[in-house]
Structures are given as C-alpha cells and as structure tokens.
There are 2 protein chains.
Amino acid sequence: MTVPVTRDLIVERADDLFYEGGFEATSFADIAVAVGISRGNFYHHFKTKDAILDAVISRRLRRTAEMLEAWKAEGSTPRERILSFIHILVVNRTKIMAFGCPVGTLCSELAKLDHGAQSRAAKIFSLFRDWLAVQFRALGLEDEAEERAMHLLTWSQGVAVMASAYRDEAFIHREVAGIERWLDDQSGMSIPQN
Amino acid sequence: MTVPVTRDLIVERADDLFYEGGFEATSFADIAVAVGISRGNFYHHFKTKDAILDAVISRRLRRTAEMLEAWKAEGSTPRERILSFIHILVVNRTKIMAFGCPVGTLCSELAKLDHGAQSRAAKIFSLFRDWLAVQFRALGLEDEAEERAMHLLTWSQGVAVMASAYRDEAFIHREVAGIERWLDDQSGMSIPQN
DNA sequence: CCACCGCTAGGACGATTGACCTAGATTGTC
DNA sequence: GACAATCTAGGTCAATCGTCCTAGCGGTGG
C-alpha cells in the first residue's frame, strides 16, 4: 500500500465488472460508481479503456500465477494438485453458472471484438496449461502431458459454458465426477485413452 | 418468397453480425449497412433490437432443427449421425477459430447481459442435446443417453472456446480424434466410462 | 384517376459512450 | 510555511447508441 491504492481499487472493481457484465458493456461510469470516485478522476489513472483492460489482464495473470503457486504447496502429489484445478468448477460454481469462466468468456469476447489484447488474455490459459502439463509429467506422462493439460482445460471450459447456459448445478457435479474418473485413468498409462 | 424478403435478409445478416461481432457490439447502423437499406427503414420491420435478437434466435432454432433432420437422412446409423455432429468442429473450423461457437458465445454474452432471451438461446443447445440423446439411446445406452449427449455437447463447446483462444487448427483435429475414440468406446457399454 | 397502404429514406430525439480539460484539494519536501 | 507534484471532482466534447417521426415512393383496388 505504498502509493497506488485507488488505482488498484479501480483494477479490482473493473476486473469484477468485466467478468460479470463483459468488457464492452462495462462503461467508465459503471466502474467509477463501483469504486466510488468521479468519472473525471479516472483519466488520471487510466488514459484509455484499453489501458484498464491491460491492467485487468495483468492482474489476472499475476493472481493466477499466485494461485497455481499456492496449489503446489497445498497439494503434495500431482494428482492432488490437478484436483485443485478441477475443483475450481465446484468452488466457483455459483459465479460460473451466472457468468461462465472469467478467462474463457473474456477470450471469446475479445476475439469477436477483434481486440489486440486477446492474445494476452489467452496467456492466462497458458499459465494453467503449462502448470497442468508439469503435473501430468510428474504423473508419468511424458509425451502426452501437454495434450492432457489442454484436454483438461478444454473439458473444464465446456463445463463452464454449458453450466452457464443451463444454470445447472447438478450438471457441474456430474461432469466434475467424470473428470476425476478420467484423471485416475491417466496415471502412468502407456496407451493413450481419452 | 411470398412477401418478407427484406425482413428475412435483415435477420440473415444480423445473424452473421451477431455471431462475428457479438450482439451488443452490433448496432442498427451495422446491420443496415450490411443489408444495404437505411436505418430508418429498420424500424418498419423491427421495433426494437431485442425483436431482431428474437428473430435471429428463431432462425437459428429453425435451421438447427432442419440440419438435425437432414443428418437423420444422411447418416443411416446412430454412430454416423453423431459423427455428423462432431464434424461441425472440423467443417466450421475457420469460423470457430475466429469467433467460437455461435450458440455458446451467444448464450455466454446474453448471460452476462442478464438478457431475458438467454433461456431461448439455450434451447438451441437443447435441440442438439435431445437429438444426440436419441442417437445414444439407439446405440444401446438407455439411462445414460442424456448424460452422454450433454457430455458430447460439453466437450465440443470446450473445443470451440480453446480453439478460438489459441486459433489452433491442429488442436481441433486432435480433440475431434479424441471425441471419435470416446464415441466408439460408448456403444453398448454397460459400465459407464468417461 | 384517385385514394390507399406497404415500404423506404433520411433526419432528429435524448441518452450514453470514451475521451479530455481545468480548477481546486491534498500531500510530501525542503 | 511555501512550493511543487499528485490526486480529485465535475463539466464538456464529439460521436454513437437505440428509438422514433415524417415525407415521399410505388403498386393495387375501386
């Protein structure tokens, strides 16, 4: 809390609003109200809306990296660490049913807007992918680790989309159980199986 | 072609623009330019933007039903019919890499906008789900048919999200191959396996 | 020939958007 | 305590949004 407390607050609230309402649909005024400052004050901290988006993506990259680091400490085994990832779907089920996955929906929106920051947003996925690949490699899957990581990411994204489309909590639990079964089928298998 | 050729043209172009640019980001002016008519002329056919959205969703519902009906004719076996669904990912890979899945991204956006039409948009998913469930039931999966249908829908949605995030065509082919292997593991199995 | 009606064009509306400016308040430093 | 840098508030800007109105076009029926 050395200097930029207001700036951080702006990024934090903008992060939430971008998630819950989308980037395009969230206006300067919306963020200003959420933070509790005037619209004019905004321009002192961020010159453009894209600058806020950049800061939000940076924040998400940093927090994701921190979360993955924390999971390394909590879960001692690779399997437990991967389960930490899978269980985001359960832990955040309420918000996911309402707004989908923060990363997936942002990437989708930025892709449609043909926004230059889309590739940076996709790097949040890469953090998960690389981290998961390390865990799969520790499970004994050498060559297939990256592919398994992408598949797990894919599966969870699908669950997020369908869960928000139907707002079905039971569906999330069913699919998560399926992912866990799939995970336990992966360990040390020589023949690839999806 | 009895009467409403202009109206149909509006809905058709709006459908494309909503897919490629998103509902919120597409303005009346954008659609008018795409159709080649004046903005004022718009109001004669659609009083509100939501009315256009309704018409677009109706169009998608109708066209989806027609496509599923056509697949019944093309693919004689349930497996071939399901493969027709899976191969949308390959056939439409270019657009999917650029804009994601039309249904999934629309549902996600409407969810964030808290738009009343979200549940109607989700009915497009239901058309696929019910149709797929019929095919899985024909494969000998009685009780698990609906669950398998939802899983296949989930998987394909995940592929669409990740494919657009990374714009990776090889990834699509890899996952589609995985889906096909999964499909062939399903037929007539008594013990559920994901 | 005229009255009518579906369709079109183009402008105008109030509101809101992202962006920007300026003046005052606050803070920190010497 | 004076000064400079930083932060804040509130207003203004042109552009664009969805919405709406009206005048004119073209064909059809009486």
Side-chain angles (χ1 to χ4, degrees), chain A residues 1-58 106 109-110 112-118 120-121, chain B residues 1-58 106 109-110 112-118 120-121:
Chain A
M1 252 47 96
T2 51
V3 168
V5 56
T6 300
R7 193 194 138 97
D8 287 347
L9 200 59
I10 292 175
V11 177
E12 182 188 323
R13 299 297 164 87
D15 194 342
D16 292 341
L17 290 174
F18 287 174
Y19 175 35
E20 298 173 5
F23 169 68
E24 177 110 350
T26 301
S27 69
F28 274 65
D30 293 332
I31 307 175
V33 168
V35 177
I37 61 174
S38 66
R39 286 141 283 133
N41 192 2
F42 238 96
Y43 195 69
H44 182 261
H45 297 280
F46 296 99
K47 270 173 277 194
T48 66
K49 200 182 177 186
D50 289 347
I52 303 182
L53 177 61
D54 269 341
V56 167
I57 294 176
S58 295
L106 180 63
E109 182 180 1
L110 295 182
K112 281 189 198 280
L113 297 177
D114 203 21
H115 198 292
Q118 197 265 354
R120 261 195 94 222
Chain B
M1 251 47 101
T2 52
V3 170
V5 57
T6 301
R7 192 195 139 97
D8 287 347
L9 200 59
I10 291 175
V11 177
E12 182 188 324
R13 299 297 164 88
D15 194 341
D16 292 341
L17 290 174
F18 287 174
Y19 175 35
E20 298 174 5
F23 169 67
E24 178 109 351
T26 302
S27 68
F28 273 65
D30 294 332
I31 306 175
V33 168
V35 177
I37 61 173
S38 66
R39 288 141 280 133
N41 191 2
F42 238 97
Y43 196 69
H44 183 260
H45 298 281
F46 296 99
K47 271 173 278 195
T48 65
K49 198 181 178 186
D50 288 347
I52 303 182
L53 177 61
D54 269 341
V56 167
I57 294 176
S58 294
L106 180 63
E109 183 180 0
L110 295 182
K112 282 189 197 278
L113 296 177
D114 204 21
H115 197 291
Q118 197 265 353
R120 260 195 96 224

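So that the names make sense, note that chain A is the first sequence line, chain B the second, and so on, each numbered from 1.
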TODO: Tell me yes or no: between the side chains of B/S27 and B/D30, is some donor less than 3.5 Å from an acceptor?
DONE: yes

Open item on the list: Do A/K47 and A/F42 form a cation-pi contact, if we require the NZ or CZ to be under 6.0 Å from the six-membered ring centre and within 45 degrees of the ring's axis?
Closed with: no

Task: Between CG on residue A/D54 and NZ on residue A/K49, distance to nearest 0.5 Å - done: 13.5 Å

Open item on the list: Nearest 0.5 Å, please: how far is CD1 in B/I37 from CG in B/L9?
Closed with: 8.0 Å

Task: Pairwise distance CD1(A/I52) to CZ(A/R7) - rounded to 0.5 angstrom - done: 9.5 Å

Open item on the list: Is it the case that the side chain of B/E109 and the backbone of B/E24 share a donor-acceptor pair, with hydrogens and angles ignored and the cut-off at 3.5 Å?
Closed with: yes

Task: Rounded interatomic separation in angstrom, taking NE2 from B/H115 and C1' from D/dG18 - done: 12 Å

Task: Interatomic spacing from CD1 in A/I57 to CG in A/D15 - rounded to 0.5 Å - done: 10.0 Å

Task: DNA chain D-proximal residues of residues 31-54 of chain B, any heavy atom under 4.0 Å - done: B/G40, B/Y43, B/T48, B/K49

Filtered N/O pairs between nucleotides 23-27 of chain C and protein, under 3.5 Å:
none

TODO: For A/F28, report the nucleic acid contact type (base, sugar-phosphate, nothing); a contact means any heavy atom under 4.0 Å.
DONE: sugar-phosphate

TODO: Flag this pair as yes if the NZ/CZ of B/K112 is under 6.0 angstrom from the six-membered ring centre of A/F18 and inside a 45 degree cone about the axis; otherwise no.
DONE: no

